[in-house]
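See below for the structure under consideration.
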Amino acid sequence: MPIMLLSILTGACRSGPPPGALAPEPAGIALPDCDKRAHPLRQITPPQWYQMMQRCIQQQDFHAAAISYLLAGTWSWFDASRLGTRYAAAGHASLPHQTLMQLSESQRGQLWQTLNALMSDSQYRNQLCQTLRALGPPTYQPDYLAKNSVTPLTGGDYSLALNGYLHCDMSLSR
């Protein structure tokens, strides 16, 4: 089933403030909102995306949960790369593990099934990559990965994060 527009994630996960209340979403894949998002998209940190993933799962919206998981992972990959420390890399690896361990075995199984279905569909993955490219990198400070240190940001390369985590086709970025 090809995914064409922002309307993929409708229903319970789209109940939130009116569209004008937040920065507009880029065209492409709709980004989840299982908890009435209170921050602009680019200000939501990976820990917050993982919390949203859990709320989407509680609402039985595994599609939205999978998108939250992918967004959290992509942005924590970017954050770890722009901090460039071992602690940040370890935090990127441990965040999803800590979150997934809070789910039941059945919930993890449904999430993995959804993730595998989405990511094995190259057309869908390309649309997701284009959506996240259009959205752009996060604008928050990655303090959640820089605990107990004052680490200057290196800038990072958002395209490398998209390629490294989601395996986006780099030729489509132009």
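Please read these numbers as outputs of a predicted model, since none were measured by experiment. Quick note: residue numbers are just sequence positions, from 1.
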Side chain to side chain, [X] and [Y], heavy atoms closer than 4.5 Å:
X	Y	value
Ser81	Leu160	no
Leu71	Met53	no
Ile44	Gln51	no
Leu118	Ile67	yes
Arg42	Leu135	yes
Arg82	Pro138	yes
Tyr140	Asp79	yes

When rounded to the nearest 0.5 angstrom, what distance separates [atom1] in [X] from [atom2] in [Y]?
X	Y	atom1	atom2	answer
Arg125	Leu70	CZ	CG	10.5 Å
Thr74	His92	OG1	NE2	8.5 Å
Leu100	Leu111	CG	CG	6.5 Å
Gln141	Leu83	CD	CG	9.0 Å

If you look at every heavy atom in [X] and [Y], which pair is closest and at what distance?
X	Y	value
Cys34	Ala64	SG-CB, 3.9 Å
Asn163	Cys168	OD1-O, 2.9 Å
Tyr144	Pro46	OH-CG, 3.1 Å
Arg133	Asp169	NH2-O, 3.2 Å
His63	Tyr124	NE2-OH, 3.2 Å
Phe62	Gln107	CE2-O, 3.6 Å

- prompt: Are there more than 12 heavy atoms of other residues, nucleotides or ligands under 6.0 Å from atom CD of Gln113?
  reply: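 Not more than 12 within 6.0 Å, no.
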field: Pairing residues for Phe78 by the ring-ring contact (aromatic ring centres under 6.0 Å, His included) criterion, not counting sequence neighbours
entry: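 Phe78 satisfies ring-ring contact (aromatic ring centres under 6.0 Å, His included) with Tyr158 once adjacent residues are dropped.
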field: ring-ring contact (aromatic ring centres under 6.0 Å, His included) partners for Tyr50, two or more places apart
entry: Tyr69
field: N/O donor-acceptor pair under 3.5 Å between Gln48 side chain and Thr45 backbone
entry: yes
message: Under a 3.5 Å cutoff, is there a donor and acceptor pairing between the side chains of Gln54 and Thr99?
response: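 No, no side-chain donor-acceptor contact under 3.5 Å.
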- request: Walk me through it: do Leu115 and Gln110 pass the test side chain to side chain contact (heavy atoms under 4.5 Å, CB included)?
  value: CA-CA 9 Å; Leu115 282 164; Gln110 286 182 273; over 6 Å; no
task: Check the pair Trp49 / Leu41 against side chain to side chain contact (heavy atoms under 4.5 Å, CB included), numbers first and verdict last.
output: CA-CA 10 Å; Trp49 281 114; Leu41 286 171; 3.9 Å; yes
